[in-house]
Amino acid sequence: MAPKRAKKKATEGSSNVFSMFEQSQIQEFKEAFTIMDQNRDGVIDKNDLRDTYAALGRLNVGNDELDEMVKEASGPINFTVFLTMFGEKLKGTDPEETILNAFKIFDPEGTGILKGDEIKYFLMSQADKFTEAEMTQMFENFPLDVAGNLDYKNLCYVITHGEDKEDKE
């Protein structure tokens with residue numbers, strides 16, 4: 001009887017991880033996992049990480065850095081552990097709708113865009129004030145369009161999904 005209970009507990013734990021993400025996100029994580037699992041053994045290890053970095057053009061990754069990455073996991077990094085690690089990293093990120101609603105305060109017409117200079121002013125003068133460096137970083141990662149506007153709907157999508165909506169389509 002005990003093995004069944006243990007198996008059920010393990011299943012419950014992993015199903016919670018899968019319920020944290022939309023099906024499309026899980027598929028994207030699976031694709032990323034498959035790319036990183038260079039030797040296709042179902043587990044990402046130090047050699048897989050080294051090979052992944054090499055494929056991305058970074059050849060000078062030290063053993064200490066790779067060891068630290070692998071130590072972040074509670075055990076061998078199979079897909080469920082990989083997904084759990086991402087879930088833990090993303091925990092605390094507000095849902096897309098919550099972030100959108102925060103921006104909509106500044107966009108009463110619901111256009112989906114904000115003037116860059118206005119959003120900069122608000123972010124640097126209200127509540128948890130952004131610094132000039134943080135604003136520069138934000139605009140480097142999410143550039144304004146030619147008219148000086150920020151597409152906040154796309155920004156919210158990237159924050160919660162990790163990729164540009166237009167790149168996906």
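In this structure, the side chain of Q25 engages the main chain of E22 through a donor-acceptor pair within 3.5 Å. Looking at D145, its side chain never comes within 3.5 Å of a backbone N or O of D151 through a donor-acceptor pair. For the pair N101 (side chain) and T98 (backbone), a donor-acceptor distance under 3.5 Å is absent.
With values rounded to the nearest 0.5 angstrom, I44 atom CD1 is found 9.5 Å from N78 atom CG. Atom NZ of K71 is separated from atom CG of D64 by 8.0 Å, given to the nearest 0.5 angstrom. The distance from the CG atom of L114 to the CZ atom of F122 is 9.0 Å, given to the nearest 0.5 Å. With values rounded to the nearest 0.5 angstrom, M85 atom CE is found 10.0 Å from M69 atom CE. For the atom pair CZ (F33) and CG (L83), the distance works out to 10.5 Å, reported to the nearest 0.5 Å. In this structure, CZ on F130 lies 8.5 Å from CD1 on I119, to the nearest 0.5 angstrom.
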TODO: Quick one: do E134 and K129 satisfy salt bridge (charged side-chain N to carboxylate O under 4.0 Å, His left out)? Show the steps, please.
DONE: CA-CA 10 Å; E134 289 170 324; K129 297 176 178 98; over 6 Å; no
Task: M138 vs L123, side chain to side chain contact (heavy atoms under 4.5 Å, CB included): CA-CA, chis, key distance, verdict - done: CA-CA 11 Å; M138 184 179 96; L123 290 175; 4.0 Å; yes
TODO: Might you work through the side chain to side chain contact (heavy atoms under 4.5 Å, CB included) test for I113 and D107, ending with a clear yes or no?
DONE: CA-CA 7 Å; I113 58 171; D107 181 25; over 6 Å; no
Task: Trace of the ring pair (Phe, Tyr, Trp, His ring centres under 6.0 Å) decision for F82 with F86 - done: CA-CA 6 Å; F82 182 78; F86 270 95; 5.0 Å; yes
Task: Step-by-step side chain to side chain contact (heavy atoms under 4.5 Å, CB included) determination, F79 to T34 - done: CA-CA 9 Å; F79 180 64; T34 302; over 6 Å; no
TODO: Could you check R50 against N63 for side chain to side chain contact (heavy atoms under 4.5 Å, CB included), going step by step and ending with a plain yes or no?
DONE: CA-CA 9 Å; R50 184 182 314 282; N63 281 327; 2.4 Å; yes
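With hydrophobic clusters built from ILVMFWY side chains whose heavy atoms lie under 4.5 angstrom apart, I77 shares a cluster with I26. Both V70 and V81 belong to a single network of hydrophobic side chains, linked directly or stepwise wherever heavy atoms of I, L, V, M, F, W or Y lie under 4.5 Å apart. If you chain together hydrophobic residues whose side chains sit under 4.5 Å apart, I35 and F29 never meet in one group. Residues F139 and L155 fall within the same hydrophobic cluster, defined by Ile, Leu, Val, Met, Phe, Trp and Tyr side chains chained together at heavy-atom separations under 4.5 Å. No chain of hydrophobic side-chain contacts below 4.5 Å, direct or via other Ile, Leu, Val, Met, Phe, Trp or Tyr residues, connects L66 to V43.
For F106, the CZ atom counts as densely surrounded, since its 6.0 Å shell holds more than 12 non-hydrogen atoms of other residues, nucleotides or ligands. The neighbour count for Q137 CD, taken as heavy atoms of other residues, nucleotides or ligands under 6.0 Å away, does not exceed 12.
Residues K120 and E132 meet the side-chain proximity criterion, which asks for heavy atoms closer than 4.5 Å. Using a 4.5 Å cut-off on side-chain heavy atoms (C-beta onward), L59 and Y53 make no contact. The shortest distance between side-chain heavy atoms of L144 and N149 does not fall below 4.5 Å. Side-chain contact between R58 and L56: absent, with no pair of heavy atoms (C-beta onward) separated by less than 4.5 Å. Side-chain contact between D48 and M36 is absent, with no heavy atoms from C-beta onward closer than 4.5 Å. Q38 places none of its side-chain heavy atoms less than 4.5 Å from the side chain of N47. In this structure the side chain of D45 reaches within 4.5 angstrom of the side chain of N39, judged on heavy atoms.
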